[in-house]
Amino acid sequence: QVQLVQSGGGLVQAGDSLRLSCAASGRTFHSYAMGWFRQAPGKGRELVAAINWSGDNTVVADSAKGRFTISRGDADNTVVLQMNSLKPEDTAVYYCAADPGTVLLGRARHWGQGTQVTVAS
């Protein structure tokens with residue numbers, strides 16, 4: 001059983017940086033693909049970034065490319081989303097996700113509790 005607990009987020013100004021962390025518990029974390037999704041008010045959930053189980057393959061949405069990076073640390077069972085040069089349109093609730101297969105289809109077996117990110121202009 002994998003449980004995901006998120007930390008980070010908050011209110012920042014445009015151009016600032018934020019770091020979101022997702023701590024996973026469970027013996028099978030090392031074999032799980034991980035990802036970050038976000039959902040803005042009135043919009044659907046969208047994939048922001050994903051990383052495969054071994055950490056050697058990442059996907060970043062076009063809207064975040066060049067600004068956001070995803071990484072994982074199996075030693076401490078965490079996956080991190082580093083967000084730089086934040087824009088007001090990045091404002092959303094961000095969710096960590098984990099799946100033994102892939103998160104690229106927008107589905108995942110496990111989800112974090114969600115973290116609000118608000119970027120003021």
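The stretch residues 43-95 participates, sequence neighbours left out, in no ring pair (Phe, Tyr, Trp, His ring centres under 6.0 Å) pair at all. Legend: salt bridge (Lys or Arg N to Asp or Glu O under 4.0 Å) pairs involving residues 96-119, not counting sequence neighbours: none detected. Legend: disulfide bond (SG atoms under 2.5 Å apart) pairs involving residues 36-90, not counting sequence neighbours: none detected. Applying the ring pair (Phe, Tyr, Trp, His ring centres under 6.0 Å) test to pairs two or more places apart or on separate chains, those with a residue in residues 99-121 are Y32-H110, F37-W111.
Checked against side-chain hydrogen bond (donor to acceptor under 3.5 Å, both in side chains), T115 has the following partners two or more places apart in sequence or in another chain: Q6. Taking the salt bridge (charged side-chain N to carboxylate O under 4.0 Å, His left out) definition, one finds that D90 meets it with R38, R67, sequence neighbours left out. In this structure, the side chain to side chain contact (heavy atoms under 4.5 Å, CB included) partners of T58, at least two apart in sequence or on a different chain, are I51, I70. For Q116, the side-chain hydrogen bond (donor to acceptor under 3.5 Å, both in side chains) test picks out T118, with sequence neighbours left out. A61 is linked by a side chain to side chain contact (heavy atoms under 4.5 Å, CB included) to S63, counting only residues two or more places apart in sequence or in another chain. D62 meets the salt bridge (charged side-chain N to carboxylate O under 4.0 Å, His left out) test with K65; sequence neighbours excluded. Residues passing the side chain to side chain contact (heavy atoms under 4.5 Å, CB included) test with N57 are N52, sequence neighbours excluded.
V117 and M34 end up in the same hydrophobic cluster when Ile, Leu, Val, Met, Phe, Trp and Tyr side chains are linked at under 4.5 Å. A chain of hydrophobic side-chain contacts below 4.5 Å, direct or via other Ile, Leu, Val, Met, Phe, Trp or Tyr residues, connects V93 to V103. Cluster annotation: L4 is connected to L81 through the hydrophobic network of ILVMFWY side chains, with a link wherever side-chain heavy atoms come within less than 4.5 Å.
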Distance-only donor-acceptor hits, side chain of residues 11-23, under 3.5 Å, sequence neighbours excluded:
from: D16; atom 1: OD2; to: Q13; atom 2: N; distance (Å): 3.1
from: S17; atom 1: OG; to: N84; atom 2: OD1; distance (Å): 2.9

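Heavy-atom neighbours of Q3 CD from other residues, nucleotides or ligands within 6.0 Å: at or below the threshold of 12.
You'll find the side chain of V48 stays beyond 4.5 Å of the side chain of M83, heavy atoms only. Counting heavy atoms from C-beta on, the side chains of L104 and L47 come closer than 4.5 Å.
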